[in-house]
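Read through the structure below, which is laid out as structure tokens, and then see the notes.
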Protein chains: 2
Amino acid sequence: MTASATQTSPRKRAGNGAARRIDADEIGLDALVGHAGYAVRRFQIWIFQDFIKTLGEVDIRPTQYSVLTVIGANPGLSQMAVAKRLGIERARLVHLLDSLEQRKLVKRIKSKLDRRSHALHLTAQGETALAKFKRLAAEHERHVEEKIGKANREQLLQILAGFT
Amino acid sequence: MTASATQTSPRKRAGNGAARRIDADEIGLDALVGHAGYAVRRFQIWIFQDFIKTLGEVDIRPTQYSVLTVIGANPGLSQMAVAKRLGIERARLVHLLDSLEQRKLVKRIKSKLDRRSHALHLTAQGETALAKFKRLAAEHERHVEEKIGKANREQLLQILAGFT
DNA sequence: GACAATTGTTGTCGTCAACAACAATCTTCC
DNA sequence: GGAAGATTGTTGTTGACGACAACAATTGTC
């Protein structure tokens with residue numbers, strides 16, 4: 001194997017084979033530490049995992065929660081309107097609604113104004129379920145607060161308000 | 001329960017059929033606005049899209065960039081070490097490295113200390129390529145700065161430093 | 001009334017996280 | 001020294017998700 005001595009100032013010389021045991025926490029991230037995307041990605045993974053876990057007992061995932069919340073606050077919306085507002089593909093929303101409708105949380109009602117579209121509503125069961133989901137989601141949000149701090153969380157929300 | 005969410009339009013009234021045309025920007029997000037996860041998710045999608053676009057000419061995606069950067073800064077690491085450090089499944093890293101090795105950016109060298117593991121190194125071609133990737137990634141980072149503001153970006157990095 | 005646009009739907013493709021199982025190889029412990 | 005257990009890389013599957021393309025039904029426009 002060509003050793004190909006690397007000259008570009010690495011922090012740890014290792015000729016070609018492995019050198020020694022390296023603890024995970026002494027591995028440098030180099031340029032990654034300056035990239036917002038990397039930090040945001042890791043944070044987002046953490047946050048989703050906590051959300052999924054916290055709402056595990058009711059088996060609701062973040063996307064499902066967002067769809068239910070928007071329908072609950074805006075009854076009668078079309079699928080297209082929900083998809084646009086939440087940045088979800090309308091093709092994907094079809095499956096999401098199939099699942100939620102099967103669980104009797106949502107119903108699609110044929111619109112009489114535009115017979116192409118469906119008016120989306122929560123069922124009575126969906127309303128009470130959503131109330132519980134919101135309580136659990138609030139609990140999840142407290143976990144976030146504990147993780148990054150109350151002030152930081154609020155600042156985060158403010159910084160990213162433009163993306164909602 | 002919290003049925004009346006948006007105050008902006010008092011009568012949403014949609015008994016069962018559809019009501020009226022609703023503009024996308026007047027749909028209330030209700031509880032979602034208070035969830036950091038929602039904002040973070042939307043932001044992360046935006047940031048990845050810009051990254052993929054900005055590094056489109058070299059066909060490098062965020063995860064590939066992170067792997068190359070870490071290997072470049074820590075030559076000789078095992079796949080397990082890289083996977084742990086970046087929070088990637090080791091099963092997934094296999095395919096990532098297959099691709100990068102096929103493109104002659106990375107090579108796997110059999111470790112002599114532990115014959116189970118591979119020592120990961122950039123090729124000479126990989127080193128020069130990574131330098132270019134870093135320039136493009138820096139350009140992407142400037143896009144982020146333009147989007148949310150210089151001070152906000154730095155504050156974001158600081159808030160989320162614990163997740164890197 | 002003809003033609004373009006929209007809505008919901010179905011389907012495919014590729015990325016990604018999460019598991020499970022396996023062979024080869026270390027490590028530990030008796 | 002050797003059996004038992006853990007680790008490393010690999011292969012495979014599953015499911016959520018974003019992106020696209022095509023289609024029928026319906027609406028809007030000219």
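If you're wondering where the values come from, they're calculated on a predicted model, not measured in any experiment. FYI, side chains are in, hydrogens and waters are out, and symmetry mates aren't considered; it's all heavy atoms of this structure. Chain naming here is simple, since letters A, B, ... match the order of the sequence lines and numbering starts at 1 in each.
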Interatomic distance, A:Glu89 CD vs C:dT7 C1' [rounded to whole Å]
14 Å
Does the plane of the ring in A:Trp46 sit parallel, tilted or perpendicular to the ring in A:Phe43? Use 30° and 60° as the thresholds.
parallel
How many Å lie between CD1 on B:Ile88 and C1' on C:dA18, as a whole number?
14 Å
Strictly below 4.0 Å: does B:Gln49 bring a side-chain N or O up to OP1 or OP2 of D:dG18?
no
A:Leu96 vs A:Arg115, nearer the 5' end of DNA chain D by closest nucleotide
A:Leu96
Give a yes or no answer on whether the side chain of B:Arg42 reaches the backbone of A:Leu86 with a donor-acceptor pair at less than 3.5 Å.
yes
Counting the benzene-type ring for Trp, do A:Phe133 and A:Tyr65 have ring centres under 6.0 Å apart?
no
Rounded to whole Å, the CD-C1' distance (B:Gln64 to C:dG14) equals 12 Å
Between D:dA19 (P) and B:Lys53 (NZ): distance, integer Å
13 Å
Dump the intermediate steps for side chain to side chain contact (heavy atoms under 4.5 Å, CB included) on A:Thr123 and A:Arg103, then the final yes or no.
CA-CA 10 Å; A:Thr123 63; A:Arg103 290 171 63 177; over 6 Å; no
Assign each of B:Pro62 and B:Ala91 to its nearest nucleotide of DNA chain C by heavy atoms, then name whichever residue's nucleotide is nearer the 5' end.
B:Pro62
What is the separation between atom CD on A:Gln44 and atom C1' on C:dT15, rounded to the nearest whole Å?
14 Å
Do any side-chain nitrogens or oxygens of A:Arg92 fall under 4.0 Å of OP1 or OP2 in C:dT9?
no
What is the distance from CD1 of B:Ile45 to C1' of D:dA16, rounded to the nearest Å?
12 Å
Trace of the side chain to side chain contact (heavy atoms under 4.5 Å, CB included) decision for B:Ile71 with B:Leu100
CA-CA 12 Å; B:Ile71 295 177; B:Leu100 295 175; 5.8 Å; no
In this structure, how many angstroms lie between the C1' atom of D:dT10 and the CG atom of B:Leu97, rounded?
12 Å
For the pair made of CZ in B:Arg61 and P in C:dA17, what is the distance, rounded to whole Å?
11 Å
Using OP1 and OP2 only, check whether a side-chain N or O of A:Thr63 sits under 4.0 Å from D:dC17.
yes
Taking only the side-chain nitrogens and oxygens of B:Arg108, find out if one of them lies under 4.0 Å from OP1 or OP2 of D:dT10.
yes
DNA chain C nearest-nucleotide lookup for A:Arg90 and A:Arg41: closer to the 5′ end is A:Arg90
May I ask you to verify whether the side chain of A:Arg116 and the base of C:dT6 hold a donor-acceptor pair under 3.5 Å?
yes
What does A:Gln79 touch in the nucleic acid at a heavy-atom separation under 4.0 angstrom: a base, only the sugar-phosphate, or nothing?
sugar-phosphate
